[in-house]
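Since the structure comes first, as structure tokens, the remarks are kept for the end.
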2 protein chains.
Amino acid sequence: MNLKELASRLGLSPTTVSRALNGYPEVNEATRERVMAAAKRHNYHPNTRAIRLATGRAMAIGHVIPVATRHEIVNPVFADFIAGAGETYSRNDYDMVLSVVPDEQEEAAYRGMKSKGNVDGVIVHAPKMNDARIGLLHDIGLPFVVHGRATGTTLPYSWLDVNNRRAFQRATEFLLDLGHTRIALVNGLEFMDFAIRRRTGYIDALSTRGIAPEPALMSSDEMTEIAGHRTARRMLALSTPPTAFLVASMISGMGVRRALEEQGLQMGRDISVIIHDDDLSYMKNGDDVPIFTATRSSVRDAGRLAAEMLLDMIASPGPGPQQRLLEAELIMGQSTGPCLKP
Amino acid sequence: MNLKELASRLGLSPTTVSRALNGYPEVNEATRERVMAAAKRHNYHPNTRAIRLATGRAMAIGHVIPVATRHEIVNPVFADFIAGAGETYSRNDYDMVLSVVPDEQEEAAYRGMKSKGNVDGVIVHAPKMNDARIGLLHDIGLPFVVHGRATGTTLPYSWLDVNNRRAFQRATEFLLDLGHTRIALVNGLEFMDFAIRRRTGYIDALSTRGIAPEPALMSSDEMTEIAGHRTARRMLALSTPPTAFLVASMISGMGVRRALEEQGLQMGRDISVIIHDDDLSYMKNGDDVPIFTATRSSVRDAGRLAAEMLLDMIASPGPGPQQRLLEAELIMGQSTGPCLKP
DNA sequence: AATCGCCCTCAAACCGCTTTGGATGGCTCA
DNA sequence: TGAGCCATCCAAAGCGGTTTGAGGGCGATT
């Protein structure tokens with residue numbers, strides 16, 4: 001069942017039927033209802049391929065996922081971000097197209113999307129310092145929103161980010177207020193922009209209280225259970241080990257906890273831990289009472305909002321770049337307590 | 001730069017240029033090279049939207065992700081499956097379109113994909129018993145491959161699955177061989193087909209050795225850290241607690257481990273644990289030495305293979321449904337040891 | 001009664017590609 | 001020499017919608 005056939009059954013022209021269905025004003029209200037009814041009765045859905053060609057719009061948003069042989073950075077939070085963004089797309093009749101490419105082909109993937117015209121815009125994930133993708137997308141003229149920010153980029157661009165610096169600053173202050181001074185930072189990889197900002201927040205808080213950051217207490221690694229465990233284990237073996245840990249993710253945090261338990265240390269009593277909680281649906285930080293004290297910000301909400309921002313930009317390309325900074329909340333769990341050591 | 005313009009620059013007709021680029025035989029080899037060179041020089045990429053309309057093929061595969069308000073089942077393994085499938089699609093110039101919909105709209109989503117024609121086929125995730133989606137897709141005539149199987153379905157259909165029954169049977173036998181008789185099963189939700197099969201394997205192994213399965217040692221819940229912890233904690237409180245745990249996933253396993261450590265039990269020495277390891281890239285079971293003894297099967301490979309199967313079916317729709325059963329390997333970690341209790 | 005204007009509808013062009021069904025010309029072969 | 005045959009290329013008709021520009025019908029105005 002296509003437009004032409006539906007039109008002929010109704011004794012109308014395709015033009016009128018098309019207009020009736022798309023809510024154009026120049027069609028009689030009675031006619032419109034007749035058309036609508038017939039469309040429903042015959043289960044007519046316009047062919048997406050034809051609409052796309054005719055309108056020149058892809059009605060789809062692209063997400064490029066570079067799959068590295070070495071690091072696997074996006075994965076854990078990625079699923080939830082996608083779920084959030086996907087909800088927005090569905091509500092707006094957009095498709096979400098994922099492109100999984102080897103990371104050295106990432107640039108080609110963006111160029112391809114532009115020239116093949118299968119998306120109207122893209123979301124950029126996991127920005128690094130001086131991220132080359134921003135300049136690239138700017139040049140080829142593909143609308144985009146960055147999830148995060150890219151320090152060092154001078155071009156204006158649209159982004160949605162969590163205030164990572166502030167979150168880690170507050171968390172550090174909270175630990176300082178509990179009397180901790182030897183606070184370890186178990187950070188993500190520091191070529192990732194968010195990791196740099198978190199580190200800055202941590203250092204700022206320490207400096208304000210006149211505490212010099214200690215390199216032995218600062219680490220940067222992948223945010224996996226294994227790496228978290230390895231790092232915490234190493235730091236606990238120091239001659240004067242930390243009394244508190246500030247950890248980049250729920251998953252790293254589980255590794256840290258394992259290392260603590262191996263040493264017979266109980267979180268919240270013997271040692272304090274604060275993690276960053278992306279509020280992942282499959283990795284909840286406790287049921288009612290949070291396990292970890294945490295800086296929390298839902299990455300799923302971020303997905304929803306970033307997608308809305310992008311669709312908005314596509315719908316009305318007028319105004320310049322949009323930006324939005326979300327604040328993480330500091331939630332109290334059972335993993336923090338006053339410092340016992342003098 | 002489009003086909004017509006490229007053709008006119010070359011002094012050829014669009015027909016010839018199209019044929020030259022698509023490798024048809026009725027064009028002079030010299031002409032073809034000239035066309036190819038010009039295409040590259042002008043950075044010509046055919047417009048996807050036009051190709052799709054003209055050929056009637058979407059060159060895209062759909063994945064419907066139902067987002068439930070209650071359970072969040074697919075998420076953890078989903079990201080890796082998608083990454084695997086995505087690699088296959090990229091290699092074959094297919095797009096992957098994800099559709100995130102409230103689970104009560106799942107049927108509508110499949111129907112929409114068919115009638116809107118934006119995909120050539122779909123992958124069905126997380127089949128349940130008597131899964132209604134199989135009949136539905138069969139009826140509307142959209143090619144599909146199921147990741148897993150659906151017990152109770154009589155229609156023939158294509159699937160790719162891990163031999164879950166056998167994996168859990170072997171794991172149970174392994175524990176029995178170590179002298180364990182009180183083996184706990186920490187299963188996934190048992191309306192999921194794979195969970196039923198795992199349970200069957202577990203029970204079969206016990207029965208063969210003349211051991212009656214004990215309801216108090218069998219649980220079924222979401223595969224989260226929280227749920228794993230809760231279940232293990234409950235079972236450890238039994239008057240005669242289990243000496244071994246068979247756990248449905250890496251994440252549940254981490255919850256189980258937490259419960260064990262709370263009781264001061266050390267895995268591999270005081271108590272044995274076997275998990276199922278989907279070989280998730282962000283949740284590795286140890287670096288070189290596996291932490292957990294595990295039944296392992298890469299869900300990423302499964303994604304790759306399922307996608308290949310589907311593309312193959314679309315390319316040559318002749319033969320009937322394809323099926324493929326992968327075997328999980330039993331890998332030795334540090335979490336199992338001989339039973340100490342009499 | 002003629003004119004104007006408004007409401008509604010339609011024919012046809014267009015989006016950019018594929019594909020069918022010729023057309024052209026040179027070459028072989030009887 | 002002329003028929004037949006390839007090899008090569010092209011014009012035009014789709015694919016299934018949207019959109020432009022024009023026109024018919026009819027009540028209101030003069």
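Numbered from 1 within each chain, the chains take letters A, B, ... in sequence-line order.
- Note on A:Tyr24: a side-chain N or O is less than 4.0 Å away from OP1 or OP2 of D:dT19.
- A salt bridge (charged side-chain N to carboxylate O under 4.0 Å, His left out) with A:Asp95 holds for exactly one of A:Arg57, A:Arg49, A:Arg52; it is A:Arg52.
- At a non-hydrogen distance threshold of 4.0 Å, B:Tyr44, B:Pro46, B:Asn47, B:Ala50, B:Ile51, B:Ala54 from residues 25-54 of chain B come into contact with DNA chain C.
- Checked for salt-bridge contact, B:Arg111 and B:Glu107 meet the test: a charged N lies under 4.0 Å from a carboxylate O.
- Centroid-to-centroid, the aromatic rings of A:Phe81 and A:His147 come within less than 6.0 Å.
- Taking the centre of each ring, A:His125 and A:Phe78 come in below the 6.0 Å mark.
- Comment: A:Arg149 engages A:Asp161 in a salt bridge, judged by a side-chain N to carboxylate O separation of less than 4.0 angstrom.
- Contact check, B:Asn22 against C:dT18: a side-chain N or O comes under 4.0 Å of OP1 or OP2.
- Of the N and O atoms on the side chains of A:Ser18 and A:Thr15, not one donor lies less than 3.5 Å from an acceptor on the other residue.
- Going from atom NE2 of A:His45 over to atom CG of B:Asn118 covers 11.5 Å, rounded to the nearest 0.5 Å.
- Only A:Gly11, A:Leu12, A:Ser13, A:Thr15, A:Thr16, listed by number, bring a heavy atom of residues 9-18 of chain A to less than 4.0 angstrom from any atom of DNA chain C.
- Of the possible polar contacts, one joining the A:Asp131 side chain to the A:Lys128 backbone as a donor-acceptor pair under 3.5 Å is found.
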Original post:
Please walk me through it: do A:Glu308 and A:Arg91 pass salt bridge (charged side-chain N to carboxylate O under 4.0 Å, His left out)?
Top reply: CA-CA 10 Å; A:Glu308 281 169 14; A:Arg91 262 199 306 276; 3.8 Å; yes
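- Two end axes, each from the C1' atoms of five base pairs, can be drawn for the helix from C:dA1-D:dT30 to C:dA30-D:dT1; they diverge by 60°, to 10 degrees.
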